[in-house]
Amino acid sequence: MAVSDYQLIEAWQKVLTLSNLEAGQTVTILTSMSTHPQTLLCATIAAQSKGAIVNRLDLPPVNAEKALSRDALAYLGTTPLTGNKAAIAALKASDLVLDLMTLLFSPEQHEILESGTKILLAVEPPEILVRTVPLEADRKRVKAASALIAKSKQMQITSEAGTDLRCPLGEFPAISEYGYVDEPGRWDHWPSGFTLTWPNEGGATGRIVIDKGDILLPQKKYVAEPITLTVENGYATRIDGGIDAQLLDEYMKSFNDPEGYAISHIGWGLQPRAYWSTLGLYDRENTIGMDARAFEGNFLFSLGPNNEAGGSRTTACHIDIPLRHCTVKLDGVDVVRNGKVLDGGANE
């Protein structure tokens, strides 16, 4: 269902209020050829209505000759900011950057955040943004779950489908994504609502079974038959299964980078206004699949980079895979059981 400009402006105003935007602060809206025009219009009006000084920085796309997909997360090599000192300076001079382009996993983004600039990514269609306007309750719930991860030494993930993965913890921080940026130097994504961390480098071991109905991103595909990943010393060393496994295997091999097979972030979804089924209602090029990443009770794991958490792995290959019906344990205590968030997993 289409969204009125009024609804989307109101949604932006709520998010900007939660992000502590004050009159007189500078907001730079980062855009590209793929930016949704209604999102840009309404973000601009909402920021101006808060008394902000608003700029727009439009940058041309890159990596088209390398990526196998139009999805912005399909290739994480260089970005439009790579070597672009003027653009970086403008963003560092801003109090808040509204990223309507998709700038992720880049040293330039880290440099901007370290200057104290806040960055909020928002690239889903307007109707998804309106449905998933973040709440203070989202922040409270996600922060509570992240606190559980931060004090744990191991995360174990099992499922009736055959997953049994053990991940030692402590080397990397616990991250909270709740949809707005209320602290200097904070990055977040609207929509979101999940907690995550990274296993200790080289420590993840076991087996992951991507079952029927689980989702591959950026493929934006519901798996039709199980895929089994063998995990050894922090890397997926085998990909077994039928045609879905073959498709995943060829896609990953196209990067010609063994670091793409590393187990990256791990965590679970906490957003009750996100839905597993939403991906099936959209053309693949109209969404990056944030419902799939955030729906309540999923176990979301990734393959690829860890530089978002301060690690050194910057591979261009990045795959997010939300699984249903998993049990997640922290130091032996269930926080998610068969896809249901428990009180110990920050359920309320």
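These numbers come from the heavy atoms of this one structure, side chains and all, not from hydrogens, waters or symmetry mates.
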Within the distance-only criterion (no hydrogens, no angle test), does the side chain of D244 pair as donor or acceptor with the backbone N or O of A224 below 3.5 angstrom? yes
Side-chain donor-acceptor pair present, Q271, S192, cut-off under 3.5 Å: no
Do Q154 and P168 have side-chain heavy atoms sitting under 4.5 Å apart? no
With side-chain hydrogen bond (donor to acceptor under 3.5 Å, both in side chains) as the criterion, how do T31 and R56 come out once you've worked through the C-alpha distance, each side chain's angles and the decisive distance to 0.1 Å? CA-CA 7 Å; T31 64; R56 176 184 176 186; 3.0 Å; yes
Once the angle between the rings of F255 and Y251 is folded into 0 to 90°, is it parallel (under 30°), tilted (30 to 60°) or perpendicular (over 60°)? perpendicular
Got a salt bridge between R207 and D164, using NZ or NE/NH1/NH2 to carboxylate O under 4.0 Å? no
Check this for me: does any side-chain nitrogen of one of K118 and D182 sit under 4.0 Å from a carboxylate oxygen of the other? no
Verify the distance criterion only: is there a donor paired with an acceptor across the side chains of T327 and N338 at less than 3.5 Å? no
Short side-chain to backbone donor-acceptor contact, T287 and G289, under 3.5 Å: yes
Can you classify the ring geometry of H318 versus H265 as parallel (below 30°), tilted (30 to 60°) or perpendicular (above 60°)? tilted
With a 3.5 Å distance limit and no angle check, can you tell me whether T158 reaches the backbone of T163 through a side-chain donor-acceptor pair? no
Salt bridge (charged side-chain N to carboxylate O under 4.0 Å, His left out) with R337: which residues, sequence neighbours excluded? D334
Closest heavy-atom contact between L120 and G179? CD1-O, 3.6 Å
Exercise: identify the closest heavy-atom pair between W187 and L113: CB-CD1, 3.9 Å
Are I45 and L41 close enough that some pair of their side-chain heavy atoms sits under 4.5 Å apart? yes
Any side-chain donor-acceptor pair under 3.5 Å between N84 and E108? no
Assess whether atom CD of E10 is packed by more than 12 heavy atoms of other residues, nucleotides or ligands within 6.0 Å. yes
Are K143 and E177 within salt-bridge range, i.e. N to O under 4.0 Å? no
T117 (side chain) donor-acceptor with K92 (main chain) under 3.5 angstrom: yes
Using only heavy-atom distances, determine whether the side chains of W198 and S264 contain a donor-acceptor pair under 3.5 Å. yes
Do the non-hydrogen side-chain atoms of I263 and I208 ever get within less than 4.5 Å of each other? yes
Testing the 3.5 Å rule here: is there a donor-acceptor pair between the side chains of E296 and Y275? no
Do the side chains of D5 and Q38 get nearer than 4.5 Å, heavy atoms only? yes
Any donor and acceptor pair, going by atom type alone, linking the side chain of N298 with main-chain N or O of G339 inside 3.5 Å? no
Min side-chain heavy-atom separation R238-L229 under 4.5 Å: no
Kindly compute the distance separating CG (L16) from CD (Q25), expressed to the nearest 0.5 Å. 10.5 Å
Between the side chains of R131 and D291, is the shortest nitrogen-to-carboxylate-oxygen separation below 4.0 Å, so that they form an ion pair? yes
I'd like to know if the side chain of S94 and the backbone of V97 have a donor-acceptor N/O pair within less than 3.5 Å. no
Under 4.5 Å between any side-chain heavy atoms of I321 and L300, yes or no? no
Sidechain N-carboxylate O distance under 4.0 Å for E225, K212: no
Taking T44 for its side chain and L40 for its backbone only, find out whether a donor-acceptor pair lies under 3.5 Å. yes
Any side-chain donor paired with an acceptor under 3.5 Å for S146 and T195? yes
For W190 and Y178, I'd like to know if the aromatic rings sit close, meaning centre-to-centre distance below 6.0 Å. no
Are any non-hydrogen side-chain atoms of I227 and V209 less than 4.5 angstrom apart? no
Check whether any side-chain heavy atom of K153 sits under 4.5 Å from a side-chain heavy atom of L169, and report yes or no. no
Test your reading of the model: is there a side-chain donor-acceptor pair from D320 to the backbone of P218, 3.5 Å cut-off? no
Less than 4.0 Å between a side-chain N and a carboxylate O, is that true for D138 and K140? no
Has the side chain of R186 got a donor or acceptor atom that lies under 3.5 Å from a matching backbone atom of S19? no
State whether the side chain of Y222 and the backbone N or O of G280 hold a donor-acceptor pair below 3.5 Å, judged by distance alone. yes
